[in-house]
Number of protein chains: 2
Amino acid sequence: MIFVETMRKLDLFEKGQQEIAAIAKVMSHPARIAILQFLAATPTCISGDISDFLPLSRTTVSQHLKDLKHAGLIKGEVEGLKIKYCLNKKGIEKMKQLFGDLLEEITPEEENNCL
Amino acid sequence: MIFVETMRKLDLFEKGQQEIAAIAKVMSHPARIAILQFLAATPTCISGDISDFLPLSRTTVSQHLKDLKHAGLIKGEVEGLKIKYCLNKKGIEKMKQLFGDLLEEITPEEENNCL
DNA sequence: AATTCATGTCGTATGTTTGCGTCATTAGAA
DNA sequence: TTCTAATGACGCAAACATACGACATGAATT
């Protein structure tokens with residue numbers, strides 16, 4: 001039995017590192033940042049409004065919305081023909097904690113080995 | 001004069017959004033997270049030690065180090081034949097502030113439109 | 001000078017992301 | 001019921017990221 005070795009080596013890292021990397025990846029595109037900011041700022045949150053707001057096609061925005069939803073950062077609620085999106089408080093808090101913990105961990109001391 | 005339209009539309013977003021996205025992209029791979037944690041934890045910081053520590057080839061680690069350096073998160077200091085890497089306090093602080101500001105901005109209120 | 005060692009650069013193969021047109025679906029309007 | 005409107009799913013093409021072997025470079029060692 002031969003196991004084909006794939007290129008992907010992510011499995012070799014710790015779970016916490018993968019978790020941070022995954023949430024960072026979601027935040028690694030300006031469109032998704034813009035969507036989160038839009039949802040934080042507007043009370044209406046209709047999907048179409050978001051596409052209209054962004055300089056991207058409706059299809060592309062829909063894809064970004066799916067990514068954000070999958071990451072647990074937003075929620076979608078059907079409302080008749082339209083879909084109302086909102087920030088997911090729980091997911092945002094989780095992200096906040098993940099980043100907070102990491103940033104605290106990697107804060108360099110005043111006494112650095114390099115000058 | 002015809003301008004060929006490229007697929008990449010990042011230019012259409014605000015500078016702040018691009019800045020956050022860029023730093024998030026650097027954090028979007030477990031190897032780079034692991035490197036930052038390693039540098040925070042070890043006083044020696046020699047490039048070779050990092051490659052030995054990670055489950056990746058020396059070449060690949062070198063590439064990740066380059067990315068981190070380019071993002072201003074680490075510094076490299078030549079020391080004879082070896083190179084000593086350290087966290088870049090300034091860059092880490094900058095990242096901390098960027099994420100902090102964004103996370104504050106997109107913190108949902110208790111009164112959410114979705115349930 | 002020749003060798004060795006630590007490291008970076010280049011080229012390449014493969015995987016992943018992005019963007020968008022087209023189609024399917026489903027709710028409301030006519 | 002038929003039509004229209006809002007949206008997600010599918011699939012393709014281009015761009016980008018990842019991994020790494022092979023080569024280049026430059027400092028120490030012999």
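Chain letters run A, B, ... following the sequence lines, proteins first, then strands; residues in each count from 1.
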Where [X] and [Y] come nearest, the two heavy atoms and their spacing:
{"X": "A:Gln18", "Y": "A:Phe13", "result": "NE2-O, 2.9 Å"}
{"X": "B:Leu65", "Y": "B:Ser47", "result": "CD1-OG, 3.9 Å"}
{"X": "B:Lys96", "Y": "A:Thr107", "result": "NZ-OG1, 2.6 Å"}

Between [X] ([atom1]) and [N] ([atom2]), how many Å, whole number?
{"X": "B:Lys69", "N": "C:dG8", "atom1": "NZ", "atom2": "C1'", "result": "10 Å"}
{"X": "B:Glu79", "N": "C:dT7", "atom1": "CD", "atom2": "C1'", "result": "14 Å"}
{"X": "B:His70", "N": "C:dG8", "atom1": "NE2", "atom2": "P", "result": "15 Å"}
{"X": "B:Ile33", "N": "D:dT18", "atom1": "CD1", "atom2": "P", "result": "12 Å"}
{"X": "A:Leu81", "N": "C:dA30", "atom1": "CG", "atom2": "P", "result": "13 Å"}
{"X": "B:Gln63", "N": "C:dT7", "atom1": "CD", "atom2": "C1'", "result": "14 Å"}
{"X": "A:Lys66", "N": "C:dC20", "atom1": "NZ", "atom2": "P", "result": "16 Å"}
{"X": "A:Leu54", "N": "C:dT18", "atom1": "CG", "atom2": "P", "result": "14 Å"}

Choose from [options] the nucleotide whose nearest atom is closest to any side-chain atom of [X].
{"X": "B:Tyr85", "options": "D:dA19, D:dT7, C:dG8", "answer": "C:dG8"}
{"X": "A:Thr59", "options": "C:dT7, C:dG21, D:dA17", "answer": "C:dG21"}
{"X": "B:Ile83", "options": "C:dG8, C:dT9, D:dT18", "answer": "C:dG8"}

Would you indicate, yes or no, if [N] has its OP1 or OP2 atom less than 4.0 angstrom from a side-chain nitrogen or oxygen of [X]?
{"X": "B:His29", "N": "D:dA19", "value": "yes"}
{"X": "A:Ser47", "N": "D:dG8", "value": "yes"}
{"X": "B:Arg32", "N": "D:dT18", "value": "yes"}
{"X": "B:His64", "N": "D:dA19", "value": "yes"}
{"X": "B:Lys82", "N": "C:dT7", "value": "no"}

- Answer with base, sugar-phosphate or nothing: what part of the nucleic acid does A:Leu65 contact at a heavy-atom distance below 4.0 Å?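 Nothing: the residue A:Leu65, judged by heavy atoms under 4.0 Å, touches no strand.
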- Query: Using a cut-off of 4.0 Å on non-hydrogen atoms, how would the nucleic acid contact of B:Thr60 be classed: base, sugar-phosphate, or nothing?
  - Reply: base
- Check whether the side chain of A:Arg58 and the base of C:dG19 form a donor-acceptor pair under 3.5 Å. no
- State the CG-CE distance between B:Leu103 and A:Met95, to the nearest 0.5 angstrom. 5.0 Å
- Query: What class does the angle between the rings of A:His29 and A:His64 fall in, given that below 30° is parallel, 30 to 60° is tilted and above 60° is perpendicular?
  - Reply: tilted
